[in-house]
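First the structure, in the form of structure tokens, and then the observations on it.
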Amino acid sequence: MKKIVVFTGAGISAESGVQTFRDSNGLWRTHRFEEVASPNAWDSDPDLVLEFYNIRRKQLLEVEPNPAHLALVKLEEKYEVQIITQNVDDLHERAGSTNILHLHGEIRKARSTRNQSLIYDIDGWELKRGDKCELGSQLRPHVVWFGESVDQIGPAAEIVGTADIFLVIGTSLVVYPAAGLINYAPDNSAKYLVDPKASRLSGIPNLNIIMEKAGKGVPELVGQLMNQDTESNPS
Ligand code: OAD
């Protein structure tokens, strides 16, 4: 079975109603990330940080996966599929994809501020001051903040290195180390990018650029891939 690795960013969830970060209506146009998504912000104003993520978690509970998330599930009928997402939402999971690696964490989870391996599902939308882990320490959102390490980047790079087909969907590719993953795709892999503003990324060699919104471009691309021969090439 051929392997498809799918690397997604905020753009795949935009048509579900989740704000991206850097588009004209993006989150970082109205919030300074240093004030809501950094260790310093947590130290100086944890209530503001909790509120920022509570609002986003509440909004997430009100939206649904869109045709792009759903189309990626279909690929599993013919391919080994691994999704690597920068998104903290759970729309790939709710669509039904089975192999999902979250590079930047998951907003519907909380983790201990004393032991980061203690991770808990958040019941509902609210994480409050006084919500504690089993060691008695305050819980924080299970997301990677600016200035923190991206622990999953090594495993993600290894996965990208095994791709026969590499899909990049809805990401500005400006945040590292995530943006560097594209460099790990094997030279002979087929590479596709679906993003309506993809033209600024045309410098990447051998990239098939589909300048469409994900809700249209991804189902079309999946349709093409489902019609392709899935046997590995004889070597
Ligand atoms: P950005 O907001 O930087 O980029 C969103 C991308 O989605 C842009 O390239 C848009 O052109 C594209 N886009 C918008 N609408 C789309 C649609 N309907 N279909 C397809 N593409 C669309 O978001 P990311 O690249 O995901 O990190 O941002 C990367 C990281 O920066 C995030 O994970 C987050 C943020 O700071 C952390 O919080 C650690």
Side-chain angles (χ1 to χ4, degrees), residues 1-16 18 20-23 65-87 89 91-93 95-104 152-153 155-233 235:
M1 227 184 205
K2 281 193 174 176
K3 181 162 183 176
I4 299 190
V5 179
V6 188
F7 177 48
T8 64
I12 194 168
S13 298
E15 289 159 88
S16 291
V18 179
T20 64
F21 297 94
R22 297 175 182 80
D23 290 309
N66 67 52
H69 300 102
L70 295 168
L72 294 177
V73 182
K74 175 103 183 133
L75 284 176
E76 296 190 14
E77 291 170 17
K78 245 190 165 175
Y79 295 90
E80 182 185 346
V81 179
Q82 171 73 54
I83 292 178
I84 299 171
T85 187
Q86 296 166 90
N87 299 344
D89 68 48
L91 295 177
H92 286 302
E93 282 88 348
S97 285
T98 51
N99 297 317
I100 305 158
L101 182 153
H102 283 270
L103 269 183
H104 292 161
Q152 293 298 314
I153 196 69
E158 269 186 41
I159 292 166
V160 174
T162 63
D164 296 300
I165 300 171
F166 185 51
L167 313 185
V168 182
I169 304 167
T171 172
S172 56
L173 292 175
V174 297
V175 173
Y176 283 82
L181 281 179
I182 197 162
N183 300 317
Y184 290 85
D187 289 345
N188 62 354
S189 60
K191 302 180 195 67
Y192 299 87
L193 171 70
V194 182
D195 191 306
K197 291 201 188 135
S199 58
R200 65 176 181 269
L201 302 168
S202 52
I204 297 168
N206 304 325
L207 190 61
N208 298 289
I209 296 178
I210 300 166
M211 288 183 64
E212 298 276 7
K213 288 186 174 180
K216 179 167 187 286
V218 174
E220 284 175 4
L221 177 56
V222 167
Q224 280 176 37
L225 293 169
M226 292 303 287
N227 286 328
Q228 275 182 19
D229 174 19
T230 52
E231 295 303 312
S232 292
N233 294 328
S235 51

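Numbers here are sequence positions counted from 1.
- Contact of the S13 side chain with the H69 side chain is registered, since non-hydrogen atoms from C-beta on lie closer than 4.5 Å.
- Checked by atom type and distance alone, the side chain of Y79 pairs as donor or acceptor with a backbone atom of L225 at under 3.5 Å.
- Between the CD1 atom of I84 and the CG atom of L101 there is a distance of 6.0 Å, given to the nearest 0.5 Å.
- The nearest pair of heavy atoms linking K3 to D164 is N-OD2, 2.7 Å.
- The nearest pair of heavy atoms linking Q82 to N99 is NE2-O, 3.4 Å.
- Across G11 and A214, no two heavy atoms sit closer than the pair O-CB, 4.3 Å.
- With a 4.5 Å cut-off on side-chain heavy atoms, L72 and I169 count as touching.
- Taking CD1 from I210 and CG from D195, the interatomic distance works out to 11.0 Å, rounded to the nearest 0.5 Å.
- Note that CD1 of I100 and CD of E93 are 3.5 Å apart. Values are rounded to the nearest 0.5 Å.
- Between Q152 and H102 the shortest heavy-atom distance is CG-O, 4.0 Å.
- Relative orientation of the F166 and F7 rings is parallel, given thresholds of 30° and 60° on the angle between their planes.
- Of the inter-residue distances, the one linking E15 atom CD with K213 atom NZ reads 5.5 Å to the nearest 0.5 angstrom.
- The shortest heavy-atom contact between P219 and P67 is CG-O, 3.8 Å.
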List, one per line, each side-chain donor-acceptor pair under 3.5 Å for residues 173-193, sequence neighbours excluded.
unit_1, atom_1, unit_2, atom_2, d
N183, ND2, G180, O, 3.3
S189, OG, P186, O, 2.6
K191, NZ, P186, O, 3.4

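- Two residues are said to be in side-chain contact when any heavy atoms from C-beta on lie closer than 4.5 Å; H92 and I12 meet this criterion.
- Smallest separation of non-hydrogen atoms from N66 and S16: ND2-OG, 3.1 Å.
- Exactly one of L167, V73, T98, L75 qualifies for a side chain to side chain contact (heavy atoms under 4.5 Å, CB included) with V81. That residue is L75.
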*Checking side-chain contact (heavy atoms from CB on, under 4.5 Å) for the pair S97/E76: CA distance, chi angles, key distance, verdict?*
CA-CA 8 Å; S97 285; E76 296 190 14; 3.9 Å; yes
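- A 4.5 Å side-chain heavy-atom check between T8 and T171 finds every atom pair outside the cut-off.
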